Amino acid sequence: MATEIERKFLLRDASWRSAIEHSEPMRQGYLLGAQVRMPAERALASVRVRVDGTRAWLNVKQAVAGIARAEFEYAIPLADAQAMLATLCGGVLQKTRHLVRVDGTLFEIDEFAGDNAGLIVAEVELPAEDAPFPRPPWLGVEVSTVRRYYNVSLIDYPYQQWSAIEQDAGDSTC
């Protein structure tokens with residue numbers, strides 16, 4: 001079983017931009033969007049379709065709180081993914097993923113567009129929950145377990161609808 005261990009952070013400033021190695025626009029939607037809720041009310045997984053450039057993926061991710069969860073990802077034909085996004089998803093997230101490497105560790109920085117414009121988060125995948133990783137000065141407040149920052153949540157409750165208090169959990173407008 002594949003396990004994803006991922007931590008997510010807001011950003012303090014835009015100094016990370018000078019270290020971008022590559023950027024790729026992405027679109028993604030959910031065929032099944034599972035929120036972490038009371039056990040009797042929740043689906044066990046979310047099912048996502050994603051297009052980045054000319055590649056497409058189907059992703060199944062366990063719906064549990066925390067930084068570690070089962071995840072399975074499969075390449076699918078681009079035309080199939082585009083059709084799923086157009087006809088089977090209740091909404092589509094748009095973002096640009098910027099890749100920034102710090103001391104050999106890859107940070108994926110997602111800059112959202114559309115109804116989530118203004119939100120920027122950095123994610124780092126780790127080999128173990130307690131694995132050390134660099135803390136560059138631009139890395140801000142950790143939001144790994146804050147549900148409103150989960151991509152699946154941003155479909156139903158986009159950043160532009162958040163209250164000033166919700167948006168002020170840290171500086172995410174870098």
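Predicted model, so just to flag it, every value in this text is computed and none were measured.
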Reported CG-to-CG distance for the pair Leu11 and Leu119, which is rounded to 0.5 angstrom: 9.0 Å
Please confirm whether the backbone N or O of Tyr30 pairs with a side-chain atom of Arg48, one donor and one acceptor, at under 3.5 Å? no
Heavy-atom distance under 4.5 Å between the side chains of Ile109 and Glu111, does that happen here? no
Taking Ser144 for the side chain and Lys8 for the main chain, is one N or O donor matched with an acceptor at less than 3.5 Å? yes
Test log, rule side chain to side chain contact (heavy atoms under 4.5 Å, CB included), inputs Phe112 and Val121: CA-CA 9 Å; Phe112 290 87; Val121 298; 4.0 Å; yes
Kindly indicate whether the side chain of Val102, heavy atoms from C-beta on, has any atom under 4.5 Å from the side chain of Phe133. no
Using only atom types and a distance under 3.5 Å, with no angle test, would you say the side chain of Glu125 pairs donor to acceptor with the backbone of Glu4? no
Any side-chain donor near an acceptor of the partner, Gln161 and Asp115, under 3.5 Å: no
Considering all heavy atoms of both residues, which atom of Gly53 and which atom of Val51 are nearest to each other, and what is their separation? O-CG1, 3.7 Å
Do you reckon Trp57 sits in the same ILVMFWY cluster as Val47, going by side-chain contacts under 4.5 Å, direct or chained? no
Working for side chain to side chain contact (heavy atoms under 4.5 Å, CB included), residues Asn151 and Lys95: CA-CA 10 Å; Asn151 285 323; Lys95 62 185 177 181; 3.2 Å; yes
Could you check if a side-chain atom of Phe107 sits within less than 4.5 angstrom of a side-chain atom of Pro134, using non-hydrogen atoms only? yes
Can you hop from Ile20 to Met26 via hydrophobic side chains spaced under 4.5 Å? no
Between CD of Gln28 and CG of Asp52, what distance do you get to the nearest 0.5 Å? 9.5 Å
Taking every non-hydrogen atom, the tightest pair across Ile155 and Gly91: CD1-O, 3.5 Å
Side-chain heavy atoms of Met84 within contact of Ile76, under 4.5 Å: yes
Rounded distance (nearest 0.5 Å) linking atom CG of Leu58 with atom CZ of Arg50: 11.5 Å
I'd like to know if the side chain of Asn116 and the backbone of Tyr159 have a donor-acceptor N/O pair within less than 3.5 Å. yes
Between the CZ atom in Arg147 and the OH atom in Tyr157, the distance rounded to the nearest 0.5 Å is 12.5 Å
What closest approach, in Å, do Tyr150 and Gly66 show between heavy atoms, and which atom pair accounts for it? OH-N, 4.1 Å
Grouping I, L, V, M, F, W and Y whenever their side-chain heavy atoms are under 4.5 Å apart, do Leu32 and Leu88 come out in a common cluster? yes
Grab the two heavy atoms, one from Glu71 and one from Ala2, that are nearest each other, plus how far apart they are. O-CB, 2.8 Å
If you define the side chain from C-beta out and look only at heavy atoms, does anything of Leu99 sit under 4.5 Å from Glu108? yes
Hey, what do you get for CZ (Arg7) to CZ (Phe9), rounding to the nearest 0.5 Å? 4.5 Å
Closest non-hydrogen atom pair, Gln160 against Gly114: CG-O, 4.2 Å
Could you give me the CA-CA distance, side-chain angles and deciding distance for Cys89 and Leu31, then say whether side chain to side chain contact (heavy atoms under 4.5 Å, CB included) is met? CA-CA 5 Å; Cys89 298; Leu31 303 172; 3.9 Å; yes
Quick check: closest heavy atoms across His98 and Ser23, and the distance to 0.1 Å? ND1-OG, 2.6 Å
Lys/Arg-Asp/Glu bridge criterion (N-O < 4.0 Å) met for Arg97, Glu123: yes
Find the distance between CG (Leu139) and CZ (Arg12) and round it off to the nearest 0.5 Å. 7.5 Å
For the residue pair Tyr149 and Trp162, does the interplanar ring angle fall in the parallel (under 30°), tilted (30 to 60°) or perpendicular (over 60°) class? perpendicular
